[in-house]
Undergrad: 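Below: one structure in structure tokens.
All figures in this text were calculated on a predicted structure; none of them were measured in a lab.
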Amino acid sequence: GRCGRMLELGWEVGDGVEYHYSSGGVGYDSECDGLDPRGLRSQDSDGGLRRAGSARTAMAMEVSRTLLPWLLSTLLGVLTALSGTYIALSCDFLADLRFGFCQGLPFADRNRCCGGAENVDVLSEGCVHGGPLVRWVHWVDYFNFEHLVGAYFGRSTGFTIYMLQSVVLTGVAALLVHEFCPAARGSGIPDVKAAVSGFDLPQSFSGACLLIKTLGLSLTVGAGLSLGKEGPLIHIGVCWAHALARLVRALRLPGSSALPLHDFACAGAAAGVSTAFGAPLGGVLFVAEELGSVRVLGRRSLLFAFTAAISASFTLKHLNLSGANRLTLFSLSTSTHNPRKEWHSWEMAAFLIIGLLCGLVGVLFVKVNLRFTVQRRRMAKQGRLWLLPAGLQDRILRACPRLAEARRGDGAATAGVAGAGGGGSGGLGFAPLSLNVAEGVTIAIITAMLNYHFLSVLRAPSMEAIHALFETCPTSRAARFGLCAGGSASGPEVSFWGCTGLMVAAGLRVFQTSYTFGAALPSGLFIPSLYIGATIGRFVGNVVYLIVQSQGDSGSTLQLHIEPGMFAMVGAVAMLSGFCRMTVSLVVIMFELTGELTYLVPFMCAALAAKLVGDPMSPSIYDGHAKLNGIGPVEEQADIRLEMAVGDLAVLVSHHGCLDVSEAVALTTLQQLARTLAEIDIDADGGGSPADGGAANGGDAAGGEGSCSGQAAV
């Protein structure tokens with residue numbers, strides 16, 4: 001209160017204080033009687049109440065109170081950007097390590113080994129100008145497998161290295177999460193929304209969660225699983241916000257109360273989005289749209305979020321991770337003002353179809369993923385993996401008894417290790433640590449097998465594949481994944497097998513994301529949703545290209561406006577909306593990701609269509625997981641409205657049931673009122689009739705003087 005405010009201005013309370021009133025103080029207060037920042041002579045035997053500093057010190061502390069929230073928001077953006085930088089470097093290095101290594105430059109991914117992405121030969125997946133000292137070397141070439149055992153076995157050996165690294169990285173991530181911080185699993189966005197709305201979740205924003213989330217995310221994304229790092233980066237930003245808030249409270253800095261924790265958490269979320277996508281404006285709009293749905297955010301909240309987002313983007317710009325001195329992640333080879341990228345009004349029908357398809361796929365994903373999550377948790381109580389048959393698990397547990405623990409029929413663990421029994425009625429089950437690690441390893445094996453052998457667009461890192469899907473033809477990046485026609489590569493690949501490959505890639509990625517998201521691993525959804533939407537959008541673009549091509553000769557001017565890569569971008573933002581059910585912030589994020597100003601209107605229409613299709617059928621993926629975790633929705637439901645008149649609820653009474661609150665009321669009047677109300681209740685319950693001819697009998701209440709106008713009706 002006032003006493004604490006005055007203490008912050010420079011007053012301290014010692015032992016044995018004798019309080020005395022001072023007429024020149026800030027006002028009488030029983031708790032801090034006699035404190036006067038303008039100069040009080042305190043009286044106490046031991047020093048008691050003493051001045052901590054001069055007026056200059058008090059002014060400096062007041063300035064500190066004013067500037068501290070802004071300095072903390074700036075520092076929050078820097079720390080979040082540094083965490084994102086470490087995650088990006090680690091993910092790129094570990095993802096490329098599955099295919100080869102940089103000879104002469106340790107701990108460098110392929111792009112940095114070759115001196116930038118523009119120096120990478122996308123066809124050979126090596127450097128354009130490989131020198132004798134620094135060059136990218138594939139594992140197959142390094143061990144000379146193809147020369148020794150033939151091309152087929154050499155490729156099989158490359159797959160073995162690819163899969164083993166994925167298994168090891170995923171297993172280590174699952175171990176870290178289970179042993180040190182189970183709250184670090186998932187994306188963390190449901191926890192962020194719950195914390196902003198008022199839930200107390202200390203484990204979800206502890207220092208251990210910050211560390212494990214950062215390390216585990218680097219491992220799982222580097223392992224090539226169907227997940228992204230963008231959602232968890234929002235969680236990491238909020239973890240930094242809580243860490244700084246704890247530090248300020250521990251240091252007892254003046255002004256620590258000037259920035260409420262939920263405002264600081266919003267600033268951390270904005271910094272996380274800005275770091276993940278290089279989209280500062282999108283970060284602020286994400287806070288306003290997603291976090292503003294669970295709590296009313298004031299002007300200061302958005303200003304602090306704006307400050308943190310700017311700070312994070314400036315830090316990324318200074319670090320210049322891409323080497324191209326830009327924040328745009330998907331910088332395309334064709335300018336946004338190129339005539340080939342213009343769109344006609346009739347193409348809006350295709351964009352709405354993309355939104356419709358992505359909305360339906362989003363509903364399918366949400367339902368399947370939530371069902372998988374429920375099944376995972378039900379089987380985990382029995383110590384069983386939901387991905388593997390019970391017979392296979394029994395054989396694994398008998399062969400490796402150290403992984404097992406005895407289970408009762410209800411799934412609870414018992415002391416000791418019993419003999420092997422059925423999976424559903426007791427017997428052996430995986431120990432909790434073994435279960436989480438085994439699930440992560442199983443997910444890594446299945447994902448590696450599906451990615452490596454089917455399509456190059458699945459095998460490559462997701463960010464590279466998405467960038468290629470957005471590109472126009474002819475470009476080497478798109479040609480590497482078979483997205484451009486062969487030979488001269490003058491147009492998109494619109495053959496039957498080319499279109500089929502896109503739909504197979506989309507279907508497999510939906511399946512992979514469904515069984516991965518929700519496991520005991522740090523995981524996000526933004527990159528998988530971008531990938532799925534880009535493949536669906538490019539497929540629709542190929543179909544539209546074929547339709548237009550069939551309407552005229554090959555030299556038609558209309559064909560120049562059909563670029564499947566542009567449809568891929570529209571599909572990406574639509575799928576994001578289908579998963580997360582956001583609109584404005586996603587459109588702005590997509591614009592900042594690509595710099596495509598021309599396609600803002602298609603982005604908006606597709607995102608809105610996907611949301612309108614998905615909302616009646618299922619909740620968003622984050623709301624669905626929040627409900628499974630026991631976090632109820634805080635925002636007001638749209639259907640809770642008072643759609644009736646007061647007369648439909650009120651009981652009309654006579655003047656006997658009214659009191660004039662502007663005058664004194666006698667006790668006898670209150671007694672008479674109580675009897676009248678009791679009679680009204682009897683009439684409402686059992687048909688009794690008030691003796692005084694009140695409202696129930698239609699007495700005075702039926703007339704004009706029974707309206708109690710200007711009086712208080714009880």
Undergrad: Describe, in one word, how the ring planes of Phe470 and Phe330 are oriented to each other, choosing from parallel (under 30°), tilted (30 to 60°) and perpendicular (over 60°).
TA: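 Ring orientation of Phe470 relative to Phe330: perpendicular.
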
Undergrad: Glu347 versus Val544: any side-chain heavy-atom pair under 4.5 Å?
TA: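 They are not in contact (no side-chain heavy atoms under 4.5 Å apart), so the answer is no.
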
Undergrad: With a 4.5 Å cut-off on side-chain heavy atoms, are Asn451 and Arg509 touching?
TA: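 A side-chain contact exists here, since the closest heavy-atom pair is under 4.5 Å.
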
Undergrad: Look at the side chain of Ser577 and the backbone N and O of Val573, then say whether any donor-acceptor pair between them is shorter than 3.5 Å.
TA: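 Judged by distance alone, no pair lies under 3.5 Å.
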
Undergrad: Between the main-chain N or O of Ala223 and the side-chain N or O of Ser166, is there a donor-acceptor pair closer than 3.5 Å?
TA: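 Yes; at least one donor-acceptor contact below 3.5 Å.
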
Undergrad: Does Asp623 pair with Arg581 as a salt bridge, N-O distance under 4.0 Å?
TA: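 Salt bridge: no.
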
Undergrad: Between Phe205 and His235, does the ring-ring contact (aromatic ring centres under 6.0 Å, His included) criterion hold? Intermediate values first, please.
TA: CA-CA 8 Å; Phe205 305 102; His235 188 195; 5.4 Å; yes

Undergrad: Ring-plane angle category for Trp70 and Phe304, please: parallel below 30°, perpendicular beyond 60°, tilted otherwise.
TA: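 Plane angle over 60°, so perpendicular.
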
Undergrad: What residue among Thr85, Ile87, Asp92 forms side chain to side chain contact (heavy atoms under 4.5 Å, CB included) with Leu89?
TA: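 Of the listed options, the one satisfying the test is Thr85.
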
Undergrad: Please check if the side chain of Glu493 supplies one atom and the backbone of Gly498 the other of a donor-acceptor pair under 3.5 Å.
TA: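 No; zero donor-acceptor contacts below 3.5 Å.
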
Undergrad: Return the orientation label for the Tyr599 and Phe603 ring planes: parallel under 30°, perpendicular over 60°, tilted otherwise.
TA: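 Rings of Tyr599 and Phe603: tilted, 30 to 60°.
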
Undergrad: Can you check whether Phe567 and Phe351 have ring centres sitting under 6.0 Å from each other?
TA: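 Centroid separation for Phe567 and Phe351: below 6.0 Å.
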
Undergrad: I'd like to know whether CZ of Phe306 has more than 12 heavy-atom contacts from other residues, nucleotides or ligands below 6.0 angstrom.
TA: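 Check fails, neighbour count at 12 or below.
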
Undergrad: Assess the residue pair Ile234 and Phe286 against the criterion (side-chain contact (heavy atoms from CB on, under 4.5 Å)); give the C-alpha distance rounded to whole Å, side-chain angles, the decisive distance to 0.1 Å, and a yes or no.
TA: CA-CA 10 Å; Ile234 299 174; Phe286 173 86; 3.8 Å; yes

Undergrad: Determine whether Leu360 and Leu364 make a side-chain contact, defined as any pair of heavy atoms from C-beta on separated by less than 4.5 Å.
TA: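 Not in contact.
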
Undergrad: What's the verdict on side chain to side chain donor-acceptor pair (under 3.5 Å) for Thr447 and Tyr515, showing C-alpha distance, side-chain angles and the deciding distance?
TA: CA-CA 10 Å; Thr447 304; Tyr515 65 70; 2.9 Å; yes

Undergrad: Identify the heavy atoms of Asn542 and Pro492 that sit nearest to each other, and give their distance.
TA: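 For Asn542 and Pro492, the tightest heavy-atom pair comes out as OD1-CB, 4.2 Å.
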
Undergrad: Should we say atom CZ of Phe314 is surrounded by more than 12 heavy atoms from elsewhere, each under 6.0 Å from it?
TA: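 No, not enclosed.
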
